[in-house]
Each structure stands twice: as structure tokens, then as C-alpha cells.
Amino acid sequence: METKKVMLSGIKPSGSLTLGSYLGAIRNWKDRAKEFDCYYFLADLHAITVRQNPADLRRCTMEQLAQYIACGLDPEKNTLFIQSHVHQHAELGWVLNCYAMFGELSRMTQFKDKSAKNADNINGGLFTYPALMAADILLYQPDLVPVGDDQRQHVELTRDIAIRFNHLYGDTFKVPEPYIPKVGARIRSLANPEAKMSKSENDDPGRVTLMDSPDTIMRLFKRAVTDCDACVRYDPENKKGVSNLMTIYAACSGKSFPEIEAEFEGRGYGDFKLAVGEAVVELLRPIREEASRLLMDRSYLETVCKNGAEKAEYIANKTLRKVYKKVGFVAKFN
Ligand code: TRP
């Protein structure tokens with residue numbers, strides 16, 4: 001039997017998923033399971049490198065799990081789990097901290113950015129986060145790690161740590177490849193089409209989340225920034241707002257840009273915005289309804305977490321035992 005390649009990715013439970021991340025990425029994830037053995041975890045250990053409200057973090061973690069399942073990540077076909085449920089992450093994270101160099105960690109651009117943004121809380125975790133991320137990855141011996149551009153440097157460091165460890169102790173870790181997934185649509189903020197649709201700011205009028213009500217969605221689209229020449233034409237240089245709305249409409253309806261231009265020929269932006277809003281409402285309706293239904297079904301979500309963590313722990317533990325042995329820890333006496 002041919003074994004599938006292993007793919008693993010972590011998701012930070014921070015704020016609701018947006019239309020932008022759905023159309024740009026998550027929408028395609030369900031198809032990966034055909035080709036790969038996929039692991040996805042909610043990275044709650046990583047989340048606390050910046051201050052979190054405990055109740056919000058707990059709620060957010062379960063909400064995101066429900067939302068990912070509603071987006072098509074089938075727990076029967078993918079291993080979905082919560083990072084803190086598999087204690088091997090923290091344990092290997094510590095070990096790998098001892099194989100990640102201060103200089104390397106200092107060069108991480110995300111650390112520099114985040115410490116600039118959180119000047120009052122530049123904690124050790126923020127600094128050593130890439131060693132934990134390396135542990136997240138190497139525990140499962142994956143072939144591929146799909147990440148956005150901003151995480152590429154961390155995957156490179158993971159490779160360096162794996163190579164260093166293998167060199168010192170003999171083959172232990174598979175050296176993974178970063179995998180920059182082909183992006184679906186690149187969606188920008190409705191309020192500021194210069195910027196991408198961000199996920200973290202609350203009450204951002206430029207952002208549509210998967211859980212927004214139809215009323216909210218329509219309101220956001222009616223207010224979307226366009227321009228003053230009242231012509232629906234794709235021109236991402238000069239007509240960023242309109243082109244962004246066309247991209248969203250195309251992604252929802254499957255229509256091409258010329259088809260959309262023809263459809264709205266001679267009609268104003270008012271009609272166009274309504275049509276885009278309605279298309280988004282219909283696209284998100286089943287996802288929102290399914291996510292809400294799942295959230296009410298606590299025992300189902302708990303079973304998903306339990307089964308996912310059990311499966312993950314089995315693999316993670318094998319790697320951790322190997323590592324503990326290699327570095328010279330005395331095996332536990334039974
Ligand atoms: N650092 C990633 C982010 O900020 C999340 C993450 C944590 C991750 N551990 C990972 C991604 C392991 C891929 C693999 O988005």
C-alpha cells in the first residue's frame with residue numbers, strides 16, 4: 001500500500017476566521033486530505049505569548065474548531081486537535097530550545113515585529129516561540145508544512161534545528177519542506193482596499209467574518225469603499241476597491257471578470273454592491289449554520305478533540321521517546 005505524505009499545520013486561535021482567509025486558503029484545505037495525511041492543531045500554547053483573556057481564549061479555540069469543520073475539514077479524514085492536549089509539544093519544545101541558538105532566534109522577523117508591537121510584554125515565550133514551533137512540526141515527522149509567507153522563516157529554522165540534531169545524534173527527525181500553498185483569491189479590506197482583510201481587529205468595517213449575520217454582511221458591502229467613476233471594471237491598479245469586490249464576487253459565483261463587467265454594464269455601484277453582498281451571504285450561510293450547530297453539539301466537538309489528541313499523541317510520543325533516549329535521559333522505570 002502506498003502511504004500518503006504527511007502534512008501538518010498549526011493555527012493560532014485568535015479572533016474569527018474571515019472571508020479573506022476562507023477564499024484565500026481554508027476553502028481548499030478539504031481537498032488536501034485526498035493526497036496527504038493531514039494534521040491540524042489549534043496552537044493555544046503559542047497564543048499565550050501575547051496576553052489573552054482566558055475565557056476568550058477558551059471560547060475562541062472551540063469556535064475555531066467548529067468553524068474549520070464547517071469549512072469542510074472533516075475530522076474523519078484529518079487529525080484535528082488542540083495543541084495543549086498533547087503534552088509532548090511542550091516537552092519537545094523545551095528540548096529544542098537547547099538546540100536553537102540565541103542568535104538565530106534574534107533574527108526572526110516576527111519576533112522583532114511582535115516585540116515592537118508589545119513593548120510592555122516582551123516575554124521569553126515570544127522569543128523562543130520558534131523552538132516550540134519546531135517541536136510542533138518535528139514531532140509528527142511531516143513531509144510538508146503549509147504556511148503563509150510570514151511563517152517561512154520559522155520553517156527554515158525548524159529545518160536547521162532538525163539537521164543540527166540529526167547531525168549530533170543520528171537520524172531522528174525528518175527534515176520538512178515548507179509548502180507555500182497556492183493562494184486562492186487575495187481579498188482586501190472593504191474599508192481600505194490598500195490593506196489585506198485582517199483577522200485580528202474587532203469591529204473593523206473592512207472585515208467580513210464567517211459568523212457575521214446576513215444583515216451585517218449586507219451593511220459592510222453597502223459601505224464598501226469604491227471610487228467615483230461608477231463603472232464596474234477590473235483594474236487592480238487604479239480601481240482597487242471595485243476590483244476587490246469583483247474578486248470576491250468571482251470567487252463566490254465562479255463568474256469571470258468579463259462576465260461580471262457585462263452583467264453590471266451601465267448599472268451603478270449600488271446594484272453591484274448588493275449583488276456581491278448577497279453572493280457572500282449565500283456562500284457563508286451554510287458555513288455559519290453548520291458552525292453554530294456544531295457549537296451547540298458540545299459532546300461531538302469533545303469527541304473530535306479527544307480522538308484527534310489520541311491519534312496525535314501516539315505519533316508524538318514515539319518521536320519524543322526517541323529524542324529523550326538520544327539526548328541521554330534515563331528511561332522511566334515502570
Ligand atoms: N506560528 C504559526 C502562526 O503564527 C502557527 C503555528 C504554530 C504553526 N505551530 C505551527 C504553523 C506549526 C505551522 C506548523 O500562524
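As the structure lists them, so they are numbered: ligands from 1, and atoms in each ligand from 1.
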### Query
Hey, quick one: are V323 and Y169 part of the same hydrophobic cluster, counting side-chain heavy atoms closer than 4.5 Å, chains of contacts allowed?
yes
### Query
Is a side-chain donor-acceptor pair under 3.5 Å present for Y300 with R293?
no
### Task
Tell me, with the steps shown, if R188 and E194 meet salt bridge (charged side-chain N to carboxylate O under 4.0 Å, His left out).
CA-CA 7 Å; R188 297 166 171 280; E194 298 290 330; 5.7 Å; no
### Message
List the protein residues in contact with ligand 1, where contact means a heavy-atom separation under 4.0 angstrom.
### Response
L8, S9, G10, K12, F41, H46, Y129, M133, D136, I137, V145, V147, Q151
### Message
So for atom CZ, which belongs to R186, do other residues, nucleotides or ligands contribute more than 12 heavy atoms lying within a distance under 6.0 Å?
### Response
no
### Message
Measuring centre to centre across the rings, with the benzene-like ring taken for any Trp, is H89 within less than 6.0 Å of F41?
### Response
yes
## Note on the structure
Residues M218 and V281: closest non-hydrogen pair is SD-CG2, 4.0 Å
